Each structure stands twice: as C-alpha cells, then as structure tokens.
Amino acid sequence: MTPQYAHLLDRTVRYHEAGSGRAVILLHAFPLSADQWLPQLHRVPPGWRMIAPDVRGFRGIGQAYQDIGLDTATMATHAADVLALMNHLDLDRAVVGGLSMGGYVALAVARVAARRLDGLVLADTKAVADTEAGRAARDAMIALVSEQGPEAVADRMLPGLTGETTQREQPELAGALKALVMKNTTEAIASAVRAMKLREDATGWLPSIACPTLVICGAEDTLTPPAESEAMASAIPDATLVLLPGAGHLSNLEAPMAFTEALTRFLSRIS
Ligand code: MLT
C-alpha cells in the first residue's frame, strides 16, 4: 500500500488510508508504525474509511527525516497530532482506536475531544498509569536504546509482543516485527517511552466515556493482560469486550481476520 503524506504547518505525517465513508483512525503500538494496521486496511468494511498515521517520530518519511518535538512529546502531544490530522483531512468526527501505546493515545483523544468521537477502540491496552517499577523499566529502556540502538529494543521486546500460539504457529512474524521496529530511530523510541512513562491514569474518567467503545484483547496477551481490558470494559458505560483466542499482545497482527471481524461488527453498530 502506498503511504500518503499530510503536510501540516510544522511537520509532515505519513499515513495509510483505504476505503471511503465515515472515518476510523487507528493508532499503532510501540515501537512499530502505521504499517501495523495493513491487514485491517486491506479489508475495510463498506461505508468506512480507515486512516492509520505514524505516531510522531515513528518511521518518519524517509531515512533522513527526523520529526520535531520528540524531547517534549507527551500523550497530549500525540492526541493533538491526531486532531490536527483530522482537521487537515476535514474530518469533524471519527472512530478513534489504538493498540497498546496507540490505545493510550486514543484515551488521550477521548479525554480532550469527546465531542469528535463516533466511537472508541481500545485494543490490548490499559487505563492505569505506570507503577514505580514500570517507570524504572522505562528508564532502563531509554538507556538501552540510547546505548545500543533500536535493534536491542527489538530483541528485548519481541518475546513479549506475541502470544505463545503465534510463536509456535507463526514463527515468521517475529522477523517481520523486528524489521518494523528497526525502521525507527533511537530518538523516536526514546521519546515514546518517555511519553508512556509520563502518561496519566485514565481509570477515574472511564465512566464518563459516552461513545460506543470496543475493548479488544488477545487472550494470550501478557503485556496488557485481558484483566486490564475486562476492567476497562466494566468501567465504560457502552463497552463491548472481545477476547481473541490464540492471540497475544499484537492481536491485530496475530489474529488479523478475527480482529477485523470484531472491528467490522463493532462499526456496524455505530449509528
Ligand atoms: C506497546 O505495545 O505499545 C507497549 O508495550 C505499551 C507499553 O509499553 O506500555
């Protein structure tokens, strides 16, 4: 799929787009890129237009490209980036969804721009902030990428990114994921880790989410386990919970058909 580029006032955003109709924006996990959503973009349901941007810093628009503002980016920055892209594309409203880090961004969008959401998709993510131990692990990850680069991050993260069924039955996915991680720069990775470390706890305001929400998670996800999804789904008034058997953390890539079917069913309910 050929990527598109949105030339905003201060930066350029790469995104994939497919389909036509009402908009669904899909935000990727750490430390991947918009390419994570290609399986869904190849099967967009009729009446919908799927848009998957790179989160600020990720993949960029070419080898030489370095995004701006990476030192200070927070989830609020990433949420503002989503809204800026929506404005650029003339989209007043959209369904906004994300997987893991993308889910943190989607929650941040829901917090500041609830009026613009037709729906919310929270995939393999969680509402709670990092614990003290989690924050220390973030610092260790920043040190790792600064000293050894993206490949070391890929090697550290890969075993946890997919479930045991995928590791057994789709071993080739590991190589594809590593290639995706390694397209990113040290600066992008460190920036995203800092933003995740600083993110606020969203648990308290989940009950105020008014739009239909799909909470979806791989049953074998060990990074953001199904219990996190169950907790979010019980706190959000109009939530539907779907657990995908045989999938781990990157459920949309590990079980692409089942993920797309669940997403399509959810979208068909949105009036
Ligand atoms: C992700 O998949 O985006 C990350 O694992 C999320 C996190 O580290 O909190």
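Here the structure is a predicted model, which means the values were calculated and not measured. Remember, it's 1-based here, ligands and their atoms both numbered in the order they're listed.
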| Do L83 and V109 have side-chain heavy atoms sitting under 4.5 Å apart? | yes
| said: Does either side chain, that of D124 or that of T224, offer a donor lying less than 3.5 Å from an acceptor on the other one? | reply: no
| Going by an N to O cut-off under 4.0 Å, is there a salt bridge joining R14 and D67? | no
| request: Note the single closest protein heavy atom to atom 9 (O) of ligand 1, along with its residue, its atom name and the distance in Å. | output: Y104 OH, 2.5 Å
| note | Near M196 (heavy-atom distance under 4.0 Å), the atoms of ligand 1 are 6 (C), 7 (C), 8 (O), 9 (O)
| task | Ignoring hydrogens, just give me the one of K126, H28, M101, R138 whose non-hydrogen atom is nearest atom 7 (C) of ligand 1. | result | R138
| request: Please report which non-hydrogen protein atom sits nearest to atom 4 (C) of ligand 1, along with the residue it belongs to and the distance in Å to one decimal place. | output: S100 OG, 3.3 Å
| query | Going through the checks in order, is the salt bridge (charged side-chain N to carboxylate O under 4.0 Å, His left out) test met by R93 and D118? | reply | CA-CA 6 Å; R93 306 175 63 87; D118 283 331; 2.7 Å; yes
| task | Within a distance under 4.0 Å of any heavy atom of A29, pick out the atoms of ligand 1 and give their elements. | result | 2 (O), 3 (O)
| said: With a 4.0 Å cut-off on N to O distance, would you call D92 and R115 a salt bridge? | reply: yes
| request: Report the nearest protein non-hydrogen atom to atom 2 (O) of ligand 1: residue, atom name, distance rounded to 0.1 Å. | output: H249 NE2, 2.7 Å
